[in-house]
Amino acid sequence: QVQLVESGGGLVQAGGSLRISCAASGRLVSAYAMGWFRQAPGNEREFVARMVWNGASTYYADSVKGRFTISRDNVKNMVYLQMNSLNPEDTAVYYCAAGVGFTNPKEYLYWGQGTQVTVSS
């Protein structure tokens with residue numbers, strides 16, 4: 001069983017930056033890929049970024065490429081999403097997930113409770 005807890009969401013002005021965090025715990029957590037997803041009201045959950053624990057491989061949605069950076073701290077079992085140049089379209093609940101998938105949320109086994117990110121214009 002893997003537990004994921006997000007933190008760090010909040011309100012930020014357009015053009016600003018925010019870093020959200022995911023604390024991961026549980027057995028074999030390092031065996032999974034870690035992903036960030038987001039869901040805005042009325043929309044489906046969409047892929048944002050992905051990385052593996054034991055490698056440098058990262059992958060981003062086109063909509064965030066060049067603005068967002070996913071990173072990890074293996075010692076602390078933390079995963080981060082640094083978000084720069086935020087715009088109102090980035091407003092959503094952001095979820096941390098662990099699984100064996102790539103961009104399909106159905107392939108992720110464990111999910112956090114989500115953290116709200118609101119970008120004002």
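Scope of the values below: all heavy atoms of this structure, side chains included, with no hydrogens, waters or symmetry mates. None of the values given here were measured: they were computed from a predicted structure. FYI, the numbering just counts along the sequence from 1.
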Can you pull the salt bridge (Lys or Arg N to Asp or Glu O under 4.0 Å) pairs that have at least one residue in residues 80-101, sequence neighbours excluded? R38-D90, R67-D90
With salt bridge (Lys or Arg N to Asp or Glu O under 4.0 Å) as the rule and sequence neighbours excluded, what pairs involving residues 100-121 come up? none
Taking all non-hydrogen atoms of both residues, which atom of [X] and which atom of [Y] are closest, and how far apart?
| X | Y | answer |
| --- | --- | --- |
| A98 | Y32 | CB-CB, 4.1 Å |
| F47 | F37 | CA-CD2, 3.4 Å |
| V5 | Q113 | CA-OE1, 3.7 Å |
| P88 | S121 | CG-CB, 3.8 Å |
| S85 | S17 | N-OG, 4.4 Å |

CA sep, side-chain torsions, deciding dist, call: Q39, E46, side-chain contact (heavy atoms from CB on, under 4.5 Å): CA-CA 6 Å; Q39 188 167 17; E46 65 171 354; over 6 Å; no
Under 3.5 Å, is there a donor-acceptor pair between the side chain of [X] and the main chain of [Y]?
| X | Y | value |
| --- | --- | --- |
| Y108 | F102 | yes |
| R45 | Y95 | no |
| E6 | G114 | yes |
| T115 | G9 | yes |

With a 4.5 Å limit on heavy-atom distance, are the side chains of [X] and [Y] in contact?
| X | Y | value |
| --- | --- | --- |
| Y94 | Q116 | no |
| M34 | C96 | yes |
| L4 | V2 | yes |
| V52 | Y59 | no |
| V117 | L18 | yes |

L11 CG to Q13 CD distance, which is reported to the nearest 0.5 Å: 8.0 Å
Measuring from atom CE of M78 to atom SG of C22, what distance do you get when rounded to the nearest 0.5 angstrom?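 Nearest 0.5 Å value for the CE-SG distance: 7.0 Å.
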Common cluster, V12/I20, ILVMFWY with side-chain heavy-atom separation under 4.5 Å: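 Hydrophobic grouping puts V12 with I20.
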Among V48, T103, I70, find the residue that satisfies the side-chain contact (heavy atoms from CB on, under 4.5 Å) test when tested with Y60.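 Considering V48, T103, I70, a side-chain contact (heavy atoms from CB on, under 4.5 Å) with Y60 is found only for I70.
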What do you reckon, is NZ of K65 surrounded by more than 12 foreign heavy atoms closer than 6.0 Å? yes
Less than 3.5 Å apart, any donor N or O on the side chain of S25 or Q3 sitting next to an acceptor on the other?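 Yes, Q3 and S25 have a side-chain donor paired with an acceptor closer than 3.5 Å.
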Quick one: is the NZ or CZ of R19 closer than 6.0 Å to the six-membered ring centre of Y80, and within 45° of its axis? yes
